[in-house]
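The structure appears right after this line, and notes come after that.
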There are 2 protein chains.
Amino acid sequence: MSENENSTFCSVNYAFHCIGGKYKGRILWYLHEHKILRYGELKRILNGITTKMLTQTLRELEKDNLVSRKAFHEVPPKVEYSLTKAGEELIPSIDALRAWADRRNAEKPIDNLVLLC
Amino acid sequence: MSENENSTFCSVNYAFHCIGGKYKGRILWYLHEHKILRYGELKRILNGITTKMLTQTLRELEKDNLVSRKAFHEVPPKVEYSLTKAGEELIPSIDALRAWADRRNAEKPIDNLVLLC
DNA sequence: CGGGATCCCTGGCGATACTG
DNA sequence: CAGTATCGCCAGGGATCCCG
């Protein structure tokens, strides 16, 4: 085993810091699918998320430069969210996870209500 | 909520259920790197994890059939952990995340002490 | 419409002690 | 060596109300 183990460990930690949490993965994935989503559209798709969590999560994703926010200063307000380049680069990994989960569920269906959305 | 009728299996949610949490990603990664690790070896590598968390996390990974446990009934006890086939199939995704984080850290070093190990 | 501000509570996680 | 068993914290997340 190479001796850059320590940085390897940190990488895994860092990656999970970026996409961990209850909604980050799905938000990134939906933004990839739809290219652009408004705040309210995200809220509807995430089905049950509170405004506090949605706003807070989006702010974290912005801070990590995975999501960009574009506000239109008009009435009523309009804000569009989309993936940054760095955010897009995460998609293949998330898609691989999604595909893995799909294969698993096809082989042996998973009946965990917590996982529904 | 009665909205559960509209709920569907969410692959992204399921994937994060499997590899989320504070140590799951790293445990899977280390087991991939070392092929086989004893309980104490894992504990040392994870550097700071409590026995409670390690045991609990390993049990969850076992339950999800990502990790297999082989106990040797001898004195002193000896228990070996390794990835199952399903666990190995997760590695490419985790490795992609790890690589993404590495590239990111190379471009713009991340200075978050929480993420170090 | 897109949030902020508050209050509240669960459960994820840590620390410590003990055991076959 | 490889765990169990308790106790307890506190941050992640939920519910509700309010605002420009």
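We name chains A, B, ... by the order of the sequence lines, and we start the count at 1 in each one.
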Atom pairs, protein N/O to nucleotides 17-20 of chain D N/O, distance under 3.5 Å:
none

How many Å lie between CG on A/L58 and P on D/dG13, as a whole number?
14 Å
Can you check the A/L42 CG to C/dC1 P distance for me, whole Å?
15 Å
Which residues in residues 62-76 of chain A have a heavy atom closer than 4.0 Å to any atom of DNA chain C?
A/R69, A/P76
Kindly give the heavy-atom pair with the smallest separation between B/S93 and A/L97, and that separation in Å.
CB-CD2, 3.4 Å
Does either side chain, that of A/T55 or that of A/Y39, offer a donor lying less than 3.5 Å from an acceptor on the other one?
yes
Report the residues that fulfil salt bridge (Lys or Arg N to Asp or Glu O under 4.0 Å) with A/K85, sequence neighbours left out, ordered by chain and then residue number.
A/E89
If the cut-off is 4.0 Å, is A/R59 near the phosphate of C/dG4, judged by side-chain N/O to OP1 or OP2?
yes
Side chains of B/R98 and A/Y14 only: does a donor on one sit below 3.5 Å from an acceptor on the other?
no
Pick out the pairs of N or O atoms, protein on one side and nucleotides 9-13 of chain C on the other, that lie under 3.5 Å.
from	atom 1	to	atom 2	distance (Å)
C/dC13	OP1	B/K22	N	3.2
C/dC13	N4	B/K52	NZ	2.8

Inter- and intrachain pairs under salt bridge (Lys or Arg N to Asp or Glu O under 4.0 Å), touching residues 62-82 of chain A, at least two apart:
A/R59-A/E62, A/K78-A/E80
Can you list the residues that meet the salt bridge (Lys or Arg N to Asp or Glu O under 4.0 Å) rule with A/R38, with sequence neighbours excluded?
none
Option among A/I27, A/L83, A/L31 that satisfies the side-chain contact (heavy atoms from CB on, under 4.5 Å) test with A/L61:
A/I27
Among residues 24-41 of chain A, which residues get a heavy atom nearer than 4.0 Å to DNA chain C?
A/R38, A/Y39, A/G40
Can you list everything that forms a side chain to side chain donor-acceptor pair (under 3.5 Å) with B/T50? Sequence neighbours excluded, please.
none
Under the salt bridge (Lys or Arg N to Asp or Glu O under 4.0 Å) rule, collect the residues that match up with B/E60, sequence neighbours excluded.
B/K24
Separation of D/dC1 P from B/E80 CD (nearest whole Å)
15 Å
In chain order, what residues pass the salt bridge (Lys or Arg N to Asp or Glu O under 4.0 Å) check against A/R44, with sequence neighbours excluded?
none
Have A/T84 and A/S68 got a donor and an acceptor in their side chains that come within less than 3.5 Å?
no
Roughly, in whole Å, what's the span from CG in A/L54 to C1' in C/dG4?
13 Å
To the nearest 10°, let me know how far the axis at one end of the helix from C/dC1-D/dG20 to C/dG20-D/dC1 is tilted from the axis at the other, five pairs an end.
60°
Which pair of non-hydrogen atoms, one from A/S82 and one from A/I36, has the smallest distance, and what is that distance?
CB-CG1, 4.2 Å
Report the relative orientation of the aromatic rings in A/Y30 and A/H34; use parallel for angles under 30°, tilted for 30 to 60°, perpendicular for over 60°.
perpendicular
Any idea which heavy atoms bring B/A15 and A/W100 closest together, and the distance?
CA-CZ3, 4.4 Å
Which residue is it: A/D102, A/N105, A/D95? I am looking for the one with a side-chain hydrogen bond (donor to acceptor under 3.5 Å, both in side chains) to B/S11.
A/D102
Atom NZ of A/K43 and atom P of C/dG4 are separated, to the nearest Å, by 14 Å
Please state how far atom CG in A/N47 lies from atom C1' in D/dG14, giving the value in whole angstrom units.
15 Å
Do any pairs count as a ring-ring contact (aromatic ring centres under 6.0 Å, His included) and have a residue in residues 46-97 of chain A, sequence neighbours left out, and if so which ones?
none
